[in-house]
Amino acid sequence: MSRYNAKATEAKWQKIWETGKTFQTDSSSDKQKYYVLEMFPYPSGRIHVGHVRNYTMGDVVARYRRAQGYEVLHPMGWDAFGMPAENAAMERKVHPADWTYDNIANMRQQLKHVGLAVDWDREIATCDPAYYGKEQQIFIDFYNAGLVYRKESWVNWDPVDNTVLANEQVIDGKGWRSGAEVERRQLSQWFLKITDFADELLDGLDTLDRWPDKVRLMQENWIGRSEGLKFDFIVDQTGEKLPVYTTRPDTIFGASFCAISADHPVAVALAKDNPELAAFCEECRSGGTTEEAIEKAEKRGFDTGLTVAHPFNSAWKLPVYIANFVLMDYGTGAIFACPAGDQRDLDFARKYDLPVLPIVLPEGEAADAYSIGDEAFTGTGTMYNSRFLDGMDIHAAKAAVIDRAEADGWGERMVNFRLRDWGVSRQRYWGTPIPFVHCEACGVVPVKADDLPVELPDDVSFDTPGNPLEHHPTWKNTDCPSCGQPARRETDTMDTFVDSSWYFMRFCTPDADAPFDSKVVDEWMPVNQYIGGVEHAILHLLYARFFTRALKKVGRTSVEEPFEGLFTQGMVNHVTYKDSSGEWVFPEDVRKRDDGTLITSKTGLVVSEGRVEKMSKSKRNVVDPDDIIDQYGADTARWFVLSDSPPERDLLWTEAGIEGAWRFVQRIYRMVETPSAPLAGVGAAMPGELSEGATALRKATHKTIKGVTSDIENLHFNKAVARLYEFANAISSTSEGAGAAETLREATEALIMMIGPMMPHLAEEMWAKLGHQTLVANTPWPQVIEALTIDSTVKMAVQINGKVRDTIEVAKDMDKADVEALALARPNIMKFTEGNTVRKVIVVPGRIVNIVAN
RNA sequence: GCCCCUGUGGCGGAACUGGUAGACGCGCGGGAUUCAAAAUCCCGUUCCCUUAUGGGAGUGUCGGUUCGAUUCCGACCGGGGGCACCA
């Protein structure tokens with residue numbers, strides 16, 4: 001018996017697809033368009049199993065949609081800028097460009113072996129001047145629209161990578177990549193005004209009904225909209241205004257002090273001639289978040305000696321403290337504190353012995369007996385000790401205070417966001433140069449459109465720490481685009497998240513002179529199905545949504561939301577292995593001895609199996625997709641990553657699992673090579689009369705088509721796989737008599753067409769073996785005959801007091817009364833009803849009969 | 001601390017809107033084929049009692065609603081994720 005040769009077969013079909021331009025996308029086609037996109041990879045050098053899973057899912061969708069008659073756009077590119085290229089340059093003396101392009105070449109080859117239905121003619125790399133030059137053009141557009149600005153600001157400085165990190169790149173006070181303790185420095189930075197779109201980005205979430213709720217919720221929290229009252233205290237000593245923001249204006253009569261941030265202008269001014277106070281502010285600033293975590297328990301402050309008057313009673317004075325828990329960049333950097341209603345305020349008040357007056361009475365408490373201990377009451381209740389608010393619930397009180405403030409003119413309703421502007425400056429070489437020039441006379445001037453792209457210089461050195469562009473002898477010297485005098489180029493480059501904020505549009509017209517051709521983009525966009533890792537739930541996806549809106553604002557597109565459907569797939573996990581010396585061991589080096597114990601083939605040491613964890617190089621619990629594809633073929637790998645686990649959940653990679661997938665590949669091959677019974681010829685007509693077995697197979701065929709179709713529509717690939725296994729079992733059990741050969745052909749062809757999106761090479765090979773001259777890739781999806789998916793009889797369970805005691809097979813439309821009579825007459829049932837009284841019989845047609853008897 | 005998700009055999013996981021729990025795969029046990037092995041095929045496989053038949057228990061725990069709960073409600077326990085001095 002011959003065996004399926006995956007390697008040779010897969011190479012053959014990949015060649016045929018490539019030379020036939022099978023997956024080339026035609027934007028001018030009049031078919032309905034479908035854009036499926038997986039998050040493009042960073043060219044690290046080699047693909048990993050996570051990539052295989054991600055791109056296989058996208059590929060199933062792409063191939064399925066093609067079969068459904070859509071014109072499909074399924075492109076691939078490279079998120080090619082970023083720090084690892086510079087690290088490689090420093091460590092191995094290779095140029096970042098060479099390193100990156102070598103990696104791209106490798107990974108392209110690897111991905112091609114996976115057999116993706118990708119239009120490779122549209123491939124882009126963000127480090128290509130043809131790409132980043134357009135990005136510079138967009139950046140200047142944004143600048144002209146007032147969406148780009150420079151600001152002196154505190155930044156997170158990574159002392160190891162010598163770069164500025166975004167807030168979100170700082171994890172537990174450490175750089176996300178280097179792991180180094182982050183410092184705070186003040187630098188002039190470029191910012192994108194994402195906060196201009198805070199409301200829109202929030203409201204837009206409601207329209208994204210094909211996004212996971214989890215991701216929408218995370219974005220909602222990230223944007224962090226709150227409503228409250230903004231009003232000015234007047235500092236008694238100076239007459240200065242001190243604006244504060246609160247979301248709890250209802251607690252105004254519980255106010256006991258006012259707290260400002262160490263970075264607040266008032267604090268900064270006082271620090272000038274108060275060394276003690278200055279030292280305190282410095283302490284608040286230093287240390288970063290990690291140390292904050294240490295002193296988290298402790299709320300500390302510094303009494304400025306200043307006082308402010310309560311807005312409802314000018315004789316009521318509140319002391320002004322500098323407090324370490326007040327942030328300058330949220331709200332106004334100053335608060336009024338109500339210790340009874342806020343834990344931080346309460347901790348602070350207890351420490352500095354400030355008044356704590358309860359103003360919200362929890363339900364069930366008596367006003368004269370209630371007091372606050374060391375726990376603030378943040379719940380709902382009834383206002384008291386609060387003059388005109390007394391008796392209201394907190395919501396009514398909130399509104400009442402704001403209304404009064406607005407009527408009396410001392411405050412106003414304010415909406416505040418947690419979201420901050422996006423700092424895009426990076427002091428690095430391997431990124432998109434920010435296309436601006438600093439001129440002594442003209443200030444900051446954008447580079448002229450004709451002079452774009454501002455290209456990175458090739459001859460750079462990484463010997464000194466810091467930004468190589470800054471060190472370059474000539475690159476930054478240029479002439480001012482405005483006055484022509486000698487000037488200096490901006491040496492900051494952009495955050496790589498900028499690159500990935502519009503690549504999906506570039507894919508629509510990868511060769512356009514403009515960043516993209518908006519007419520074509522408007523036809524393809526939004527992306528119908530976007531697939532990627534949940535780790536991008538906030539940053540990348542929020543930035544891309546912002547960019548799309550900003551591009552609309554500058555008139556480059558009319559698209560609102562970039563991604564109509566979003567799917568976030570789970571990680572790929574694997575057990576870990578350690579040898580007796582404590583070293584991590586690669587799975588491929590583990591051997592099982594006859595007695596069941598494990599050893600490494602390298603050293604012979606005994607190996608123990610550890611926890612299942614996300615595949616990572618450091619723990620060596622990785623498998624190389626190349627090895628798998630070499631041994632079993634891409635189809636086997638594709639089938640395995642689709643089976644078993646729901647796609648949004650983590651997948652456990654096992655040797656046994658991949659073996660199982662490989663067995664199924666062989667089984668399909670045998671089913672076609674040596675079918676269980678003779679097959680009818682290609683296109684043979686279905687006879688009018690079918691034997692019982694043939695009818696059953698035919699029904700199974702159409703039920704399976706129906707099920708698999710809806711499974712793929714819903715991205716339930718694991719269920720589609722299970723159904724196909726089941727169907728293969730059905731085909732294997734031989735049927736005889738009239739129509740056996742015809743139904744077997746119909747079933748086998750349906751099976752091959754349905755595995756097409758998942759195991760495309762095997763499908764093509766089997767399709768050809770079945771006598772077809774065409775490609776499965778160009779064959780329409782099999783049609784369901786609905787009538788064949790409906791059974792005329794139905795099996796119903798018969799329960800007594802909720803326990804199943806029997807099953808009956810009845811006509812689908814049988815009368816309730818008849819069903820009941822039939823059920824009660826069953827011997828098994830009579831055995832239980834005998835001697836008892838039947839109290840009640842519930843008949844749910846097509847489902848169940850429940851007899852209540854006692 | 002706050003918010004969200006999740007818990008089903010030895011394992012990954014099925015189960016439409018409350019209606020036969022455990023589909024399908026893996027693993028395991030038994031058998032066939034083979035000189036033998038690999039590969040393949042067949043049968044069994046939630047647990048407990050039982051010779052089969054049959055019965056009892058069972059979807060993290062404890063309660064509730066219901067003729068009927070993996071599904072709905074409440075409390076608790078375990079696992080995962082997000083945010084974190086956001087006023």
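Just so it is clear: chains get the letters A, B, ... in the order the sequence lines come, proteins before strands, and each one is counted from 1.
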Taking the P atom of each, how far is B:G68 from B:G64, in whole Å? 12 Å
Under 4.0 Å, heavy atoms only, any strand: does A:Glu659 hit a base, just the sugar-phosphate, or nothing? nothing
Can you tell me how far P in B:G80 sits from the matching atom in B:G74, rounded to whole Å? 25 Å
Looking at every strand, decide which applies to A:Lys230 at a 4.0 Å heavy-atom threshold: base, sugar-phosphate, or nothing. nothing
Mind checking if A:Arg839 touches a base, just sugar-phosphate, or nothing, with heavy atoms under 4.0 Å? nothing
Starting at atom CZ of A:Arg667, determine the distance to atom P of B:G25, rounded to an integer number of angstrom. 7 Å
Taking any heavy-atom pair under 4.0 Å as a contact, classify A:Ile842: base, sugar-phosphate, or nothing. base
Would you say A:Ser226 and A:Asn416 are linked by a side-chain donor-acceptor pair, where the criterion is simply a distance under 3.5 Å? no
Spacing of the C1' atoms in B:C3 and B:G22 (rounded, Å): 34 Å
Quantified in whole Å, what is the C1' atom distance between nucleotide B:U46 and nucleotide B:U70? 14 Å
At 4.0 Å (heavy atoms only), tell me whether A:Asn718 reaches a base, stays on the sugar-phosphate, or touches nothing. sugar-phosphate
Taking the P atom of each, how far is B:G63 from B:C26, in whole Å? 40 Å
Do the ring planes of A:Phe348 and A:Tyr352 sit parallel (below 30°), tilted (30 to 60°) or perpendicular (above 60°)? tilted
List the atom pairs, with distances to 0.1 Å, where a side-chain N or O of residues 716-726 of chain A and a protein N or O form a donor-acceptor pair under 3.5 Å, not counting sequence neighbours.
residue: A:Arg723; atom: NE; partner: A:Asp711; partner atom: OD2; Å: 2.8
residue: A:Arg723; atom: NH2; partner: A:Asp711; partner atom: OD2; Å: 3.4
residue: A:Tyr725; atom: OH; partner: A:Trp639; partner atom: NE1; Å: 3.2

Looking at A:Asp806, A:Thr807, A:Thr833, which one forms a side-chain hydrogen bond (donor to acceptor under 3.5 Å, both in side chains) with A:Arg826? A:Asp806
Assigned glycosidic conformation for B:G10 [threshold 90° from 0]: anti
Checking all strands, does A:Asn729 fall into the base, sugar-phosphate, or nothing category for heavy-atom contacts under 4.0 angstrom? sugar-phosphate
Categorize A:Asn850 for me: base, sugar-phosphate, or nothing, with a 4.0 angstrom heavy-atom threshold over every strand shown. base
Looking at every strand, decide which applies to A:Phe832 at a 4.0 Å heavy-atom threshold: base, sugar-phosphate, or nothing. sugar-phosphate
